[in-house]
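Just so we're clear, the structure is a prediction, and the values are computed from it rather than from any experiment.
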Amino acid sequence: MPQDPLTQALRLVFAPIVKQSANWPPILAYGLPGIVAVLLIIGLGLVVPPGLLWLLAVVILAPLAGFIFVTWHERHNPLDQATLSRPDAVIEFPKDNQIVGRTIYCGGLASGIHPQVRLWLAVEAVGCIWPKEREISVSDGRWNHRIFEDGGTKKFSVVLLVADPRGDKIIRDWLEAGKLKAEYAEMKGIPGTETLARVENLQIIDAS
């Protein structure tokens, strides 16, 4: 028995969208199927009472407006520091005032790391900061990382930074630009980052 146009349209168009909506954010999952339903009603020329049209408009526009606002807020405010607890992190080695080589093995503890943030090691000296290659990976509350220090300053600090998406991008872009130019520009600070731990007054002794 042939299906009526509305049933066939819902089966071919609406049903796949509803199935896929399980993978969407909740706000969008409610709004988009509603829009499709309205378009089907209009396309098929069905007569719908005005009260029902107003209800459909509210059901569709409210979730979509919320989705647009949330997306805009996340884009312009990637990480609201006021609502997040500060990660707990320490540098266990090296220690303050330690003599190190150009290759420095670092390690410590870290917990409470929000999924949106990244951890980086950086060197601070003479009022400038130089992030080091590769973000830090934390496993079972511990991290280990190796950095290379080729600067001319003999005494410096190693700092553990937490970076929000903006700070993470600044660091990655800076590292990439340095690779291309074979020279890393001086930075007085990195927006979107916060220092979690610091080891001071490290001194390099060249193997030569």
Side-chain angles (χ1 to χ4, degrees), residues 22-29 63 65-96 98 100 102-151 153 156-181 183-202:
N23 300 319
W24 298 340
I27 296 174
L28 185 60
F67 177 77
I68 292 171
F69 172 78
V70 169
T71 302
W72 179 90
H73 180 76
E74 290 180 348
R75 183 176 300 172
H76 290 80
N77 302 277
L79 186 62
D80 187 355
Q81 297 288 355
T83 61
L84 296 177
S85 59
R86 189 175 186 273
D88 293 321
V90 297
I91 300 175
E92 292 186 320
F93 57 89
K95 301 290 187 182
D96 290 340
Q98 185 172 330
V100 296
R102 293 289 180 184
T103 300
I104 308 170
Y105 295 90
C106 306
L109 305 174
S111 61
I113 309 300
H114 191 276
Q116 289 188 20
V117 305
R118 298 293 182 267
L119 297 183
W120 293 86
L121 281 177
V123 164
E124 284 187 346
V126 295
C128 295
I129 185 168
W130 291 269
K132 293 302 178 178
E133 289 283 350
R134 298 181 297 107
E135 67 177 89
I136 289 176
S137 176
V138 179
S139 178
D140 296 327
R142 300 196 63 89
W143 61 270
N144 291 280
H145 207 71
R146 182 178 62 180
I147 64 175
F148 300 91
E149 176 51 31
D150 295 327
T153 303
F156 56 93
S157 299
V158 170
V159 295
L160 178 61
L161 303 175
V162 58
D164 66 17
R166 179 177 61 140
D168 183 66
K169 185 178 187 304
I170 290 173
I171 292 173
R172 294 180 188 276
D173 289 347
W174 180 85
L175 289 170
E176 187 63 28
K179 287 181 182 178
L180 294 176
K181 298 178 181 178
E183 181 181 0
Y184 293 91
E186 292 184 350
M187 290 194 294
K188 297 296 183 180
I190 308 174
T193 67
E194 181 183 358
T195 299
L196 296 178
R198 175 190 302 272
V199 176
E200 298 183 328
N201 200 33
L202 297 178

Peer 1: Before giving the answer on side chain to side chain contact (heavy atoms under 4.5 Å, CB included), spell out for Asp164 and Gln116 the whole-Å C-alpha distance, their side-chain angles and the decisive distance to 0.1 Å.
Peer 2: CA-CA 6 Å; Asp164 66 17; Gln116 289 188 20; over 6 Å; no
Peer 1: Sequence neighbours left out, cut at 3.5 Å: what donor-acceptor pairs do the side chains of residues 88-95 make with other protein atoms?
Peer 2:
unit_1, atom_1, unit_2, atom_2, d
Glu92, OE1, Arg142, NH2, 2.5
Lys95, NZ, Glu92, O, 2.9

Peer 1: Could you list all the salt bridge (charged side-chain N to carboxylate O under 4.0 Å, His left out) pairs where at least one residue sits in residues 104-118, not counting sequence neighbours?
Peer 2: Arg118-Glu135
Peer 1: On a heavy-atom basis, which atom in Asn201 and which in Ser157 lie closest, and how many Å separate them?
Peer 2: N-OG, 4.0 Å
Peer 1: Rounded to the nearest 0.5 Å, what separation is found between the OG1 atom of Thr193 and the CH2 atom of Trp120?
Peer 2: 12.0 Å
Peer 1: Using a 3.5 Å distance criterion without hydrogens, assess whether the side chain of Trp174 forms a donor-acceptor pair with backbone atoms of Tyr184.
Peer 2: no
Peer 1: Do Pro131 and Met187 have side chains that approach each other closer than 4.5 Å (heavy atoms only, starting at C-beta)?
Peer 2: yes
Peer 1: Taking the side chain as everything from C-beta on, heavy atoms only, tell me whether Ile136 gets closer than 4.5 Å to Leu160.
Peer 2: yes
Peer 1: State, to 0.1 Å, how close Lys132 and Val123 come at their nearest heavy-atom pair, and which atoms those are.
Peer 2: CE-CG2, 3.5 Å
Peer 1: Quick check: closest heavy atoms across Lys188 and Ile129, and the distance to 0.1 Å?
Peer 2: C-CG2, 4.4 Å
Peer 1: Can you tell me how far apart CG (Leu119) and CG (Asp168) are? Round to the nearest 0.5 Å.
Peer 2: 10.0 Å
Peer 1: Mind checking salt bridge (Lys or Arg N to Asp or Glu O under 4.0 Å) for Asp173 and listing every partner two or more places apart, or none if nothing turns up?
Peer 2: Lys169
